[in-house]
Amino acid sequence: MSGNKHYLFDNPDNIKKILRALYICCAILFGLDFILHRHTEHLWEKAPVFYPLYGFVGCVVLVLVAKWMRKGLMRPEDYYDRDEISQSAPMEKKHVDT
């Protein structure tokens with residue numbers, strides 16, 4: 001044994017099995033959407049693709065809003081390092097002057 005650990009996602013066959021299980025679950029849920037009765041409040045909720053479409057549009061909107069917010073919130077890579085350097089430099093200078 002070489003001492004290397006093998007994890008679940010290291011084996012490509014495991015990834016294929018997990019994706020296959022995900023696709024099967026999606027197909028079952030898609031089929032159940034036509035069979036099960038939903039207690040809806042609004043007319044548009046009765047559409048068979050309302051909830052998947054609503055979820056997809058919600059995710060797209062979240063990504064677009066996050067990209068827009070990133071422009072205002074993003075800082076340079078050395079943002080915190082520069083702050084420490086600028087704060088420590090005047091203190092050293094004052095210490096030397098006294």
Side-chain angles (χ1 to χ4, degrees):
M1 214 162 126
S2 64
N4 292 338
K5 287 187 175 184
H6 294 284
Y7 297 100
L8 178 68
F9 295 115
D10 289 342
N11 187 354
D13 290 334
N14 290 339
I15 295 172
K16 289 179 185 178
K17 290 176 186 176
I18 291 172
L19 284 175
R20 194 172 300 130
L22 178 67
Y23 295 147
I24 290 170
C25 287
C26 287
I28 290 171
L29 290 173
F30 181 76
L32 288 175
D33 198 28
F34 293 102
I35 296 171
L36 295 178
H37 172 70
R38 290 180 278 165
H39 300 280
T40 59
E41 298 268 337
H42 306 286
L43 181 63
W44 58 82
E45 287 180 297
K46 293 180 182 179
V49 295
F50 171 73
Y51 289 107
L53 190 62
Y54 181 75
F56 178 74
V57 170
C59 286
V60 168
V61 168
L62 281 173
V63 168
L64 293 176
V65 168
K67 281 184 158 186
W68 173 73
M69 287 177 61
R70 181 178 177 217
K71 292 177 183 176
L73 297 175
M74 192 168 156
R75 300 288 178 247
E77 192 172 325
D78 61 345
Y79 178 75
Y80 292 106
D81 293 336
R82 287 188 294 147
D83 190 40
E84 290 175 5
I85 292 170
S86 65
Q87 286 180 358
S88 65
M91 289 177 61
E92 291 174 5
K93 188 175 183 182
K94 286 181 184 178
H95 182 66
V96 172
D97 289 340
T98 55

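By convention here, the first residue in the shown sequence is residue 1. What you are looking at is a predicted structure, and each value in this text was computed from that prediction instead of being measured. Note that these values count all heavy atoms, side chains included, but never hydrogens, waters or copies made by symmetry.
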Discussion item. Membership question, hydrophobic clusters at under 4.5 Å side-chain separation (ILVMFWY): are L73 and V65 in the same one?
Written reply: yes
Worksheet item: What are the two closest heavy atoms between F9 and I15, and how far apart are they?
Response: O-CD1, 3.5 Å
Item to complete: Check whether L32 and F50 end up in the same hydrophobic cluster, where Ile, Leu, Val, Met, Phe, Trp and Tyr are linked by side-chain heavy atoms less than 4.5 Å apart.
Response: no
Practice prompt. Please round to the nearest 0.5 Å and tell me the distance separating atom CD1 of I35 and atom CD1 of I28.
Written response: 10.5 Å
Item to complete: Name all residues meeting the side-chain hydrogen bond (donor to acceptor under 3.5 Å, both in side chains) criterion together with R75; count only those two or more places apart in sequence or in a different chain, and write none if there are none.
Response: none
Fill in: Contact list for residues 7-35, test side chain to side chain donor-acceptor pair (under 3.5 Å), sequence neighbours left out
D33-R38
Worksheet item: Hey, any chance L19 and L8 share a hydrophobic cluster, counting ILVMFWY side chains that come within less than 4.5 Å of each other, even indirectly?
Response: yes
Worksheet item: How about E45 and Y54: does a side-chain donor come under 3.5 Å of a side-chain acceptor?
Response: no
Worksheet item: In Å and rounded to the nearest 0.5 Å, what is the NZ to NE2 distance from K46 to H37?
Response: 8.0 Å
Item to complete: Look at the side-chain heavy atoms of Ile, Leu, Val, Met, Phe, Trp and Tyr, link any pair under 4.5 Å apart, and say whether L53 and V60 land in one connected group.
Response: no
Worksheet item: Would you say L36 and W44 are hydrophobically clustered, going by side-chain heavy atoms of ILVMFWY under 4.5 Å?
Response: no
